[in-house]
Amino acid sequence: MSDQITQLCQDTEHVHSREELAEKLKLDRPLRIKLGVDPTAPDIHLGHAVQLRKLRQFQDLGHQIVLIIGDFTAMIGDPSGRSVTRPPLTHEEVMVNAKTFTDQAFLIIDKEKTEVVYNGDWFAKMPFQEVIKLNAKVTMQQMLQREDFKKRLADKQEVRLHEIQYPIMQGWDSVVVNSDVEIGGTDQLFNILVGRDLQKGEGMSPQVVLTLPLLEGLDGNKKMSKSLGNYVGLTEAPSEMFGKLMSISDELMPRYYSLVIGEDFDKDRHPMEAKKHLAQRTVEIYHDTEAATQARADFENKFGKGKVEDAELPEVPCPPAETQMLSYISQIYTDTFDQMRSNADIRRLVQQGSIQLNGEKQTDPKATLTLKLGDVLKLDKKRMVRIG
RNA sequence: GGGCAGGUACCGAAGCGGUCAAACGGGGCAGACUGUAAAUCUGCUGGCUCAGCCUUCAGAGGUUCGAAUCCUCUCCUGCCCA
């Protein structure tokens, strides 16, 4: 049993407290482990995975996972770590996101053994009287303890009242689902503690707080998030996933080793090699071994010692001779990479030498291209296509 | 409700009648160097049919040959007072 505690507390940021957790485990029943998520964006990424992997651990030990979809709270927006008010989402948007979210979450946790609940089920029906009663359970001073609020207040930035409701609601979720343990990122500490207070207020045994480190994004300093664009999505294509992981800094690697693939980082290994292992291993987890091997081979062909000719590249149809370069490239961006680029943007890429045909820079924006089958056109750092 | 200070490009922030598509910083992108890493250096960073033109400085009007800059009204935010 102390084994269990050690395992569960591994790679956590904050546990309050081990003793309480031990007490709960002694109860000799499956514990109810709560994780609340606000489906504000559809895709989940490696940052979410850190928490889901922890849930999986609990699950494997026979505990009951309670996944709360914050369909109601998502419409408010968690102000955690934010310096500005988040724009609200409609309920339809939230529900669409929720579906994608759970589908992806079940790549990690076992669907059969997971209880999924929506907090709209209780909040949407709550009469205003009850809302007031709920609000009476906490003080303004308590809420203002929170770092985000304090800071915004100090910086003379607005704090809207609905934002102050957020921790209260998240806390109330704990009462409703009767959780024994709540898991969250470090930025959730405050909210989870509110849950403890509310549970105590209802005469319940307070939940154990277990927070996990926030995974830094690819840029290495901000936390991984969709809106910052520094994320790796769980369902991204193998080559995409591989490439993104290869772009992280060496400093970040040990972090990713423990939080993403759960391995020890061997600092004597060549960094390049270590990173390839990280990338390969990650692809393996979310796709399969074959895809991972393939992604690696492909990467090496494209950027390493291998041959570009052997790499798997998206193919684009061969244009007529003397094709206007700008419009042709613009078309590839939209058709093949689903990216809107203005002509000015593409002109810039051309002038700066980003566009390369079989390794040769094409720097004249007015030039025309005459391509033949098998030519490799490089658009920017990450994107190349083959004429097919 | 009263007083004051503000709302500028992705963000922060200059500009306060013409030389403003708008300084500077951050971010982003590209090039060089590399390990498609980091650091560093360089360039770019509203749009277009690109030596020219078009649309921007909260919104709507107005003054002026000319407005991000002046005036009026509206909307929004912060601070202080009630």
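Because only heavy atoms are used, hydrogens play no part in the values below, and waters and symmetry mates are left out as well, while side chains stay in. Chain identifiers are assigned alphabetically (A, B, ...) following the order of the sequence lines, protein sequences preceding nucleic acid strands; residue numbering begins at 1 within each chain.
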**Item:** Nucleic acid footprint by protein, nucleotides 76-82 of chain B - heavy-atom cut-off 4.0 Å, B for base, S for sugar-phosphate alone
**Value:** -SSS---
**Asked** For every nucleotide of nucleotides 45-50 of chain B, 5' to 3': is a protein heavy atom under 4.0 Å from its base (B), only from its sugar-phosphate (S), or from neither (-)?
**Response** S-SSSB
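Between Arg152(A) and Asp148(A), none of the side-chain N atoms (NZ, or NE/NH1/NH2) sits under 4.0 Å from a carboxylate O, so this pair counts as no salt bridge. Between Glu130(A) and Lys137(A), no side-chain nitrogen of the basic residue sits less than 4.0 Å from a carboxylate oxygen of the acidic one, so the salt-bridge criterion is not met. Between Glu163(A) and Arg146(A), no side-chain nitrogen of the basic residue sits less than 4.0 Å from a carboxylate oxygen of the acidic one, so the salt-bridge criterion is not met. Salt bridge present: Glu300(A) and Arg296(A) bring a charged side-chain N and a carboxylate O closer than 4.0 Å.
C29(B) sits 10 Å from A38(B) when the P atoms are compared, rounded to a whole Å. Of the C1' atoms belonging to G25(B) and G18(B), the separation is 28 Å, rounded to the nearest Å. Separating the P atom of C71(B) from that of U64(B) is a span of 15 Å, rounded to the nearest Å. Between G66(B) and U19(B), the distance separating the two C1' atoms is 13 Å to the nearest Å. C24(B) and A14(B) are spaced 15 Å apart, taking the P atom of each and rounding to whole Å. G15(B) sits 8 Å from U69(B) when the C1' atoms are compared, rounded to a whole Å. Comparing the P positions of A58(B) and G7(B) gives an interatomic distance of 8 Å, to the nearest angstrom. Annotation: G46(B) and C10(B) have their C1' atoms spaced 12 Å apart (nearest Å).
Residues satisfying the ring pair (Phe, Tyr, Trp, His ring centres under 6.0 Å) criterion with Tyr256(A), sequence neighbours excluded, are absent altogether.
One interatomic measurement links the two molecules: CG of Asp298(A) to P of U36(B), which rounds to 15 Å at whole-angstrom precision. Atom C1' of nucleotide U42(B) and atom CD of Gln352(A) are separated by 10 Å, given to the nearest angstrom. Distance, Leu278(A) CG to G35(B) C1': 15 Å, rounded to whole Å. The distance from atom CD of Glu251(A) to atom C1' of A39(B) is 9 Å, rounded to the nearest whole Å. If you measure from atom OH of Tyr257(A) to atom C1' of A37(B), you get 14 Å, rounded to the nearest angstrom. Regarding Glu360(A), its CD atom lies at a distance of 16 Å from the C1' atom of G31(B), rounded to whole Å. Glu273(A) has its CD atom 21 Å from the P atom of U34(B), to the nearest Å. Distance NZ (Lys222(A)) to C1' (G28(B)): 11 Å, rounded to an integer number of Å.
At least one donor-acceptor pair closer than 3.5 Å links the side chain of Thr334(A) to the backbone N or O of Gln331(A). Between the side chain of Gln199(A) and the backbone N or O of Gln207(A) there is at least one donor-acceptor pair closer than 3.5 Å.
Across every non-hydrogen atom of Phe149(A) and Met143(A), the tightest pair is CD1-O, 3.3 Å. Val308(A) and Arg386(A) get closest at one heavy-atom pair: O-NH1, 4.2 Å.
The local environment of NZ in Lys133(A) is sparse, with at most 12 non-hydrogen atoms from other residues, nucleotides or ligands closer than 6.0 Å.
Within the 4.5 Å cutoff, side-chain heavy atoms of Tyr166(A) are placed close to those of Asp38(A).
Residues His48(A) and Gln104(A) bring no donor and acceptor atom of their side chains to less than 3.5 Å of each other. Side-chain atoms of Gln59(A) and Thr114(A) form a donor-acceptor pair, as typed in the model, at a separation below 3.5 Å.
Contact annotation for Leu252(A): no contact, since no heavy-atom pair falls under 4.0 Å across all strands. Nucleic acid contact for Lys361(A): sugar-phosphate only, since backbone atoms but no base atoms lie under 4.0 Å from a heavy atom of the residue.
Scanning atom types as modelled, one donor and one acceptor separated by under 3.5 angstrom connect the side chain of Asp250(A) and the base of G35(B).
Nearest-nucleotide mapping onto RNA chain B: of Ile248(A) and Asp219(A), the residue sitting toward the 5' end is Asp219(A). Annotation: of the two residues near RNA chain B, Gln356(A) and Lys275(A), the 5′-most nearest-nucleotide partner is Gln356(A).
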**Prompt:** What do the steps show when you test Lys54(A) against Thr12(A) for side chain to side chain donor-acceptor pair (under 3.5 Å), and what is the final call?
**Reply:** CA-CA 9 Å; Lys54(A) 179 58 72 183; Thr12(A) 56; over 6 Å; no
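Listed by residue number, Asp380(A), Lys381(A) are the residues of residues 379-388 of chain A with a heavy-atom contact under 4.0 Å to RNA chain B.
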Scan the side chains in residues 318-327 of chain A for donor-acceptor partners under 3.5 Å anywhere in the protein, sequence neighbours excluded, and list what turns up.
{"residue": "Thr323(A)", "atom": "OG1", "partner": "Pro320(A)", "partner atom": "O", "Å": "2.4"}
{"residue": "Ser327(A)", "atom": "OG", "partner": "Gln324(A)", "partner atom": "O", "Å": "3.4"}

**Prompt:** Under a 3.5 Å cutoff on both atom distances, Watson-Crick or G-U, what's the dot-bracket for RNA chain B ([ ] crossing, | other strand)?
**Reply:** ((((((((.[[[..)..(.....]]]((((((.......))))))(((...)))...[[[[[..)....]]]]]))))))).
